[in-house]
Every structure is written in C-alpha cells, then in structure tokens.
Amino acid sequence: MRVRDLPLSPSVVDHFAERGVRELYPPQRAAVDAGVCEGADVVAAVPTASGKTFVAQLALLTADGPGLYVCPLRALAREKYETFAALPGVDVGISTGDFDATGEALAGNDVVVATSEKVDSAIRNGASWVDELACVVVDEVHLLGAKRRGPTLEVTLATLRRRNPDLQTVALSATVDNPDAIADWLDAALVESEWRPVDLRTGVAVGGAVDFDDGTNISVDVDRDEAKADDEGGGDGEGDEADEPDPTDVTAALVADAVADGGQCLAFVRSRREAVDLAERLAEDGLAAELGIGDAAAAAAEEATDVDGTLTGRQLADCLRAGVAFHHAGLRSGHRGVVESAFRERDVACICATPTLAAGVNVPARRVVVRDQRRYGEGGMAWIPTLEVHQMCGRAGRPGLDPHGEAVLVADADTREAVRERYVEGEPEAVESQLADPGSLRTHVLAAVATDFAATESEILDVFEGTFYAREAGAGGLADAVAVAVDDLVAAGMVARETGGVEDYRLVATAVGETTSKQYVRPETGERIVAGLRAAADLPEATTLTAFEVICDTPDMQDTYLGNAERAEIYRFARTNAAHLTTDMTEPDDFEGWLESVKTARILNEWIGGATVEELVEEYRIGPGDLDSRVERAEWLLSAAEALGETIGVRVPAVSRARSRL
DNA sequence: ATGGTTAGGCTTTAGACAGCATGTC
DNA sequence: CTAAAGCCTAACCAT
C-alpha cells in the first residue's frame with residue numbers, strides 16, 4: 001500500500017515523499033484497513049518507533065473537522081507540534097501548561113496538540129473548541145494505568161466522547177497485555193503488531209557473555225576496576241563470587257563495545273547519582289576518544305556551561321567534552337535539551353540515564369544497556385515493570401543507521417533466568433484503571449459537579465459510564481465509591497446538597513469548589529489553601545514564607561526529601577519562624593510531611609530573596625531541575641491561592657507578593 | 001606514633017501534569 | 001512481600 005493511494009492531498013503526499021515515506025509499514029496498513037482514514041475508531045498497540053505518528057497524522061488529516069492530539073509529556077507535545085506544523089496546509093496549535101497558544105486561537109486550528117491535563121482543564125473552564133472536534137488521537141493510552149494521571153486521561157476521553165458522539169477516537173498504545181480491553185472500551189478496531197522497522201534483539205548479559213533471544217550471542221572483554229581485582233586475590237571465602245564481574249564493569253564494557261563499532265548507546269541505571277557516576281567513569285575510560293568527537297562535543301559542553309554554574313552543569317560539561325552524558329529529572333530543561341540534541345547529532349556516544357529517557361523524546365541508539373532491573377520504591381526494592389523495561393529496550397535501533405537494535409539486560413548467574421523470563425520472554429503488564437482511587441475520584445466528581453454535567457449521584461455515574469473503569473468493572477462498580485467521594489466533598493465544603501423536596505436534592509459546587517476545579521488543583525489542595533489563608537489572615541504578620549508554607553503543604557506540591565542531618569535544622573527554622581507559619585507545630589497531623597513542606601517553603605522563600613540556583617542546590621541537596629519544577633509549581637499554586645482568596649473574601653497580600661516576586 | 005585497611009553503620013533512593021492575564025521584542 | 005550501594009567513622013593492624 002502506497003502513501004499516494006491514500007485519501008491525502010497531493011501536497012501532503014509530496015511532503016511525505018520528501019521524507020522518504022512512500023510505502024506504508026504493515027501496522028500502518030492494518031490501521032488503514034481498520035478504517036483510520038474513514039473515521040473509524042481504532043486502537044493501535046504497536047512498538048515504539050513503528051510509525052505511530054504517521055497513523056495519527058492519517059487520522060487527523062482525513063478527519064472531517066478539527067482534530068486533537070493528546071500526549072502525556074510537554075516535551076513530546078512540542079515534538080509532535082513541530083512535526084504536524086511541517087505538514088502543508090495544516091494550522092497547528094499547542095496547548096500545554098508551559099506553552100500556550102492563546103486559548104481562543106485554538107478554535108481556529110486544524111489540529112491542537114495538548115497534554116491530557118490541559119484538555120481536562122479546558123473542559124472544566126468551558127473552552128468551546130473541545131466540542132467542535134471531529135477526531136481525537138490519544139498517544140500512549142496505556143498511561144491509563146498510571147496512578148494519578150490515568151484517571152484524568154480516561155475521564156477526559158470519556159467526557160469528550162460523551163459530549164460528541166460522532167468523535168473519531170484513535171488510541172495509540174505501547175504493547176501491553178490487554179489491548180483488547182482498551183479497544184473494547186472504545187468500541188474500536190484493534191490493530192496489534194510486533195513489527196518494527198529495525199529488528200530488535202534482546203539479550204541477557206552475565207559477565208561479558210550476552211545471549212540474545214534470536215539465538216545469537218556475543219562476548220565483550222570486561223575490565224574489572226583495580227579495587228575489585230585486588231580484593232579478589234586476597235579473599236578466600238568468597239568462592240565463585242570472585243568470578244562474578246561487577247554489573248557496572250559489564251555495562252561499561254558493553255557500551256565501549258558498541259561505541260568502538262561506531263554505534264551509540266543508552267545505559268539505564270537505577271538512580272540519578274549512579275547515572276552521573278557511570279557517565280564520569282565512561283568519560284574517564286576515554287570511551288569516545290578515538291571517535292573524533294572533538295569540536296562539536298566541546299561546543300555542547302560550552303552550551304551546558306552556559307546554562308548555569310551548578311555542580312551538575314560542570315559535571316555534565318566535563319562528560320560532554322569526553323563524548324558522554326547523563327540524563328535525569330534533576331537536570332534543568334536546558335541541560336536536557338543540550339544532551340538530547342548532542343546525542344541526535346551524534347556528538348555524544350553514550351547517555352547514562354534514569355527512566356526519564358525511556359518514555360521521553362526520540363533518542364534512538366544502536367544498543368541499549370539496562371544495568372538495573374530493580375529499583376527502590378514504596379516497600380523496598382521491586383522489579384521494574386516489564387512495560388517500562390520494554391520501553392527502554394525499544395529505544396534500540398535507528399532506522400537507516402543500524403542493521404538492527406540491541407537491548408542488553410545486565411544480570412548475574414543468580415538472576416539470569418528471572419531476568420530472561422520476566423523481560424525477554426515475559427508479557428508486559430495489563431493496563432488497569434486507577435479511577436477507583438478515592439483521591440482521583442474526588443477530583444473528577446468535583447469537576448463533574450462544578451461543570452454542571454451532573455447534579456445527582458446517578459448523573460455522576462452517567463458521566464463515568466463511558467470510562468475505562470466502568471467498562472471493566474461494570475456500571476455499578478463505582479456507586480459506593482462515588483457516594484463516599486460526594487460525602488467527602490460536602491464535608492470539605494466543595495459541594496453542597498441543595499434540597500428541592502423531601503428526598504430530592506441537587507448537588508451544587510460551592511464557590512470554593514468551583515474555583516478549586518477551575519484552578520485545576522485537587523480538592524484537598526483547595527481545602528488546605530482555604531484553611532491556610534484564613535489562618536494567615538489571623539496571623540499578626542503573614543509573610544511570603546507563610547504563603548509558601550500554605551501552598552507547599554498540599555498534595556499538589558511535590559515533596560522534598562528531608563535528610564536526617566537536616567531535620568534538626570529545619571525544625572529549628574520552623575520554631576524560630578512559628579509566628580509566620582499557619583500550622584501549630586505541637587499538633588500537626590503529619591509532622592514529617594509538614595516539615596518537608598517547610599523545607600520546600602524555605603527554599604522558595606530564599607529563592608525570591610535572591611539566592612542563586614547554585615547556592616540553593618548546594619545548601620539543600622536538590623538538583624537544579626528540582627528547583628525549577630518547584631518554582632513552577634509554586635507559581636501555579638500561588639495563583640490558585642489568589643483565586644481562592646478572592647472567592648472566600650480573604651485577602652492575604654503576602655500571597656500576591658510571593659507570586660510577583662517569583 | 002603513624003599510616004593504612006577493613007568492618008560496620010548510616011544515609012539515600014525515578015518521573016513530571018496543571019492557571020491566567022498582560023506585557024514585550 | 002521485597003534492597004543495595006556509597007560514604008563516613010571507628011576500630012584494628014602492620015610497620
């Protein structure tokens with residue numbers, strides 16, 4: 001099947017031809033056969049980089065009206081925006097929290113690219129363009145199973161479809177265990193495929209020997225570092241443990257092997273620090289020395305240095321000069337951008353990364369090495385989900401550049417079988433709805449009431465009827481949980497029962513509930529802010545610290561790790577500033593959590609007081625990127641606080657002061 | 001006394017979405 | 001239901 005046989009305009013056909021796209025890949029063909037070009041609902045569960053974007057473009061270009069492309073990451077939204085904008089004759093708009101092409105202008109676009117939260121927010125704020133859509137494409141639908149963001153996605157999709165029954169829905173998913181359930185939910189045709197444009201072989205490495213799933217194997221020389229080699233000579237009771245090479249040495253050898261062969265590599269590790277350590281080690285090994293990476297790498301290092309004078313920045317620059325980089329969420333977006341583009345330009349031979357890179361922007365490599373398959377989480381060390389490891393592995397293989405991609409999981413003799421079974425042969429997990437989570441349900445129940453979509457519990461259930469959860473668990477499955485959510489919201493002062501008759505009442509959002517929903521904060525956050533503002537108004541002197549304490553002590557602010565060594569210091573800080581804090585230290589519900597909030601508040605307060613990134617990063621042991629994200633959230637939450645203050649008629653000047661100083 | 005080594009204990013641990021109204025080059 | 005690695009310090013050992 002050829003592109004020019006599709007119902008596309010000649011200029012679009014030319015556009016694709018210029019990029020070498022003339023023939024459809026098998027999964028794309030299957031999607032066309034399923035009717036993506038004729039308005040049919042389609043779920044495509046296919047591997048990363050097998051041409052999902054093209055399927056999205058087909059749906060959006062052939063739709064009879066404006067289209068919406070929903071994706072989970074802002075960086076991804078930006079990337080898709082660029083590729084859609086390159087299409088001839090298509091007006092594209094983008095709408096994400098950090099980058100918004102003016103609300104009303106979106107109505108005029110042929111295609112809008114947005115994050116799911118932004119679409120949800122647009123619905124809550126009554127944006128008109130969402131009702132005029134002819135087609136919605138949801139990328140990475142398997143995120144339906146994500147703890148907090150999954151419910152948003154399914155409720156948003158359900159709402160869009162409910163308000164617009166003719167809406168064509170196209171959902172793109174990674175390969176998961178139950179794509180049929182997703183297709184069933186959307187009444188869509190299912191396209192399932194394992195096909196990839198570049199073959200991928202996955203192997204398990206024990207020592208320097210790698211066995212791939214296609215029966216081939218390779219071996220690499222593992223240089224052990226001296227310290228390990230030394231203690232092997234001395235130890236006697238260790239037995240065969242001496243024969244067990246260090247996973248980091250194995251990883252380094254696998255990376256060096258790929259690089260020596262002219263390929264680029266991604267190495268995934270468990271923590272940020274280990275990503276940095278590994279990158280520094282590879283740089284020291286002179287990994288990319290003979291690659292002639294020289295000038296361009298120096299330029300990238302310079303760019304990294306220009307971002308800030310942080311320790312992280314200096315480490316990154318040093319690594320880049322050696323043709324290596326690290327990548328994790330503690331990096332500022334400027335640093336991430338430098339690393340990503342340097343890698344794409346092939347000025348970097350290897351990126352050592354945490355999972356940020358697994359699902360983010362496009363950075364294909366010849367070989368992917370997954371050093372750690374277990375990671376610390378709630379409740380100790382746990383296996384990383386198969387889906388996630390598959391996404392890391394899926395980054396291997398660059399079309400047109402590599403004969404095939406290679407993914408190598410580093411194991412040892414004891415774990416080899418478990419790793420092989422779980423990740424090489426194992427199926428990815430099934431996607432499960434998280435909507436029943438009380439916290440999520442509360443926010444979406446409030447949204448339904450606040451937008452006047454529902455005024456009774458049974459109407460709320462109607463709103464949720466189109467949801468993945470309802471399809472899986474049955475319509476009545478949510479009734480009890482919704483009743484609890486309503487009670488909670490009434491108790492929180494977000495929703496009121498307006499009696500009309502004896503047993504007859506209507507649910508109405510209170511002014512506070514409405515503002516909370518529109519500001520897109522969770523009900524608990526709205527509640528905490530309202531209480532905080534009232535308390536702040538009673539304080540003899542509310543300062544910017546007060547404002548920060550209030551917004552940091554909410555579930556919408558990410559918490560900041562509080563080390564044992566710092567705890568006493570933060571405690572003292574809280575005591576000496578007790579007059580400016582809204583919480584009585586002697587009887588907090590969650591003292592530890594509150595102390596963490598105080599730490600975050602203190603950081604933000606010093607930030608507006610003129611402290612530099614360098615100082616704060618040093619003093620509070622957080623990454624530069626962590627500071628940025630907290631500042632960003634603080635801006636949002638302070639504006640929510642201002643809006644809430646207005647609706648309850650409590651003015652706290654410190655809130656506005658803090659906000660303008662940010 | 002000095003220097004070096006080791007055992008044991010303590011600390012730390014992935015990621016990232018959202019509002020809104022103006023002003024500016 | 002589930003951990004592991006780095007760093008610091010104190011103790012210990014050899015010279």
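Just so it is clear, the values below take in all heavy atoms, side chains as well, and ignore hydrogens, waters and symmetry mates. Residue numbers start from 1 in every chain, and the chains themselves are labelled A, B, ... in the order their sequence lines are given, proteins ahead of strands.
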Geometric class of the A:Trp594/A:Phe591 ring pair [parallel <30°, tilted 30-60°, perpendicular >60°]: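 A:Phe591 vs A:Trp594 ring planes: tilted.
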
Mind checking if [X] touches a base, just sugar-phosphate, or nothing, with heavy atoms under 4.0 Å?
X	value
A:Gln558	base
A:Arg336	sugar-phosphate
A:Ala329	sugar-phosphate
A:Arg621	sugar-phosphate
A:Thr356	sugar-phosphate
A:Asp120	nothing
A:Ile384	nothing
A:Gly379	base

Between [atom2] on [N] and [atom1] on [X], what's the gap in Å once rounded to a whole number?
X	N	atom1	atom2	answer
A:Arg270	B:dT13	CZ	C1'	9 Å
A:Glu388	B:dG15	CD	C1'	9 Å
A:Leu637	B:dA18	CG	C1'	9 Å
A:Arg149	B:dG15	CZ	C1'	10 Å
A:Trp636	B:dC20	CH2	P	11 Å
A:Asn564	B:dG9	CG	C1'	13 Å
A:Asp559	B:dG15	CG	P	14 Å
A:Glu635	B:dG19	CD	P	13 Å

Between [X] and [N], is there a contact of a side-chain N or O with OP1 or OP2 at under 4.0 Å?
X	N	result
A:Thr115	B:dC17	no
A:Arg633	B:dA18	no
A:Arg148	B:dG15	no
A:Asn125	B:dA18	no

Do any N or O atoms from the side chain of [X] and from the backbone of [Y] form a donor-acceptor pair under 3.5 angstrom?
X	Y	value
A:Arg633	A:Asp556	yes
A:Ser341	A:Gly337	yes
A:His390	A:Tyr423	yes

For DNA chain B, the dot-bracket pattern of Watson-Crick and G-U pairs whose distances stay under 3.5 Å, | for other-strand partners: |||||||||||||............

Stepwise ring pair (Phe, Tyr, Trp, His ring centres under 6.0 Å) check, A:Tyr469 with A:Phe464: CA-CA 8 Å; A:Tyr469 184 94; A:Phe464 290 146; 9.2 Å; no

Distance under 6.0 Å and angle within 45° of ring axis: A:Arg602 vs A:Phe548: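 Here A:Arg602 fails the 6.0 Å and 45° test against A:Phe548.
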
Axial cation check for A:Tyr376 ring with A:Arg270, 6.0 Å and 45° limits: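 No, A:Arg270 and A:Tyr376 do not form such a contact.
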
Atom pairs under 3.5 Å: protein N/O with N/O of nucleotides 23-25 of chain B:
none

Bounds of contact between DNA chain C and chain A, in 5' to 3' order, using a heavy-atom cut-off under 4.0 Å: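 Contacts span C:dT2 to C:dG6, reading 5' to 3'.
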
